[in-house]
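Report on the structure given below.
Ligands are counted one by one from 1 in listed order, and the atoms in each one are counted from 1 as well.
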Amino acid sequence: SVLHWHLVDDQGWRLPVARLPRLTEIGAWRREEGGARCGGAYTADEISEVVAYATERFVTVVPEIEMPGHARAALAAYPGLSCRGTPLPVPSGWGIFEDVFCAGKEETFAFLGAVLDSVAVLFPGPFVHIGGDECPKVRWNTCPDCRRRMEAEGLPDAAALQAWFVRRIGRHLAGLGKRLVGWDEILEGGLAPNAVVMSWRGTEGGIVAARAGHDVVMTPGSHTYLDHYQSRDQQREPLAIGGFLPIDTVYSYEPIPANLEPQFAKHILGAQGNLWTEYIPNLK
Ligand code: ACM
Ligand code: ZN
């Protein structure tokens with residue numbers, strides 16, 4: 001089995017990178033409404049302890065480093081990596097933010113290369129998840145650096161620029177002996193060679209990817225998002241992100257879609273349950 005470990009997001013960066021100390025000094029902390037400081041990061045030793053514990057139990061750890069979107073914590077630490085270069089705080093609210101990594105600036109790829117190099121040292125498993133979901137293109141469409149990149153690479157639009165971004169990161173990971181995993185948005189503009197797709201917006205992305213010969217993890221919101229409500233009586237449950245997903249629906253899930261031709265079934269690596277901790281109030 002596999003532990004997919006989501007280590008960075010807009011609201012906090014939790015991964016130590018020795019060459020990039022601001023990621024944990026600045027990017028790991030946010031101001032809550034009311035002024036309280038909230039955050040923290042793992043140490044390299046703590047991460048290694050988790051990986052060793054998992055390995056002893058035959059569990060592979062797949063780290064997730066989000067790009068090009070969900071990057072506000074990293075951009076708070078290194079604002080020069082955004083399109084506009086404007087200093088912005090680590091946000092305290094949830095959502096999808098328009099400021100993302102600039103795909104035109106070479107500094108972005110030097111930075112992400114350094115991050116992924118240290119990820120490869122900490123995580124011995126074969127996969128690295130690079131996110132890829134929910135990346136607005138508003139900044140890219142008006143950024144001179146991104147527009148220059150699109151022109152130089154012959155890319156027709158910002159979706160193609162994201163696909164180019166993911167392919168470039170995929171080559172860096174291949175150089176480290178790692179396979180790239182991404183949410184199903186990485187299908188947009190063409191899949192990177194050998195990429196593994198996590199199908200979360202339903203199963204259609206996973207089906208398309210499997211038919212194209214790519215490996216797939218099925219994790220549709222309808223059946224595997226364990227941070228949804230479990231009853232219709234939301235008043236009597238702790239605050240959750242929304243939805244309605246009772247446990248019998250989770251267990252009823254069949255990861256190989258009925259309409260997938262049998263010769264592609266081998267590409268469905270399995271199913272994954274997802275849980276983000278923003279609505280988890282404590283460690284118990
Ligand atoms: C996701 O739930 N944004 C992958
Ligand atoms: Zn840009």
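- Geometry about the Zn ion (ligand 2) gives an angle of 110° between SG of Cys102 and SG of Cys143, rounded in steps of 10 degrees.
- Evaluation of the ring pair (Phe, Tyr, Trp, His ring centres under 6.0 Å) rule for His129 yields His4, Trp183 as partners, not counting sequence neighbours.
- In this structure, Arg167 fails the cation-pi test against Phe165, since its NZ or CZ atom is not both closer than 6.0 Å to the six-membered ring centre and inside 45 degrees of the ring normal.
- Near ligand 1, heavy-atom contacts under 4.0 Å come from Asp133, Glu134, Trp183, Trp200, Tyr225, Trp276.
- Within the structure, side-chain hydrogen bond (donor to acceptor under 3.5 Å, both in side chains) pairs that include any residue of residues 236-259 comprise Ser231-Glu237 (at least two apart or interchain).
- Screening residues 26-54 for salt bridge (charged side-chain N to carboxylate O under 4.0 Å, His left out) gives Arg30-Glu32 as the qualifying pairs, with residues at least two apart or on separate chains.
- Of all the heavy atoms in Leu245 and Tyr225, the pair that sits closest is CD2-O, 3.2 Å.
- Using the six-membered ring where Trp is involved, Phe264 and His267 have ring planes that are parallel, under 30° apart on the 30 and 60° scheme.
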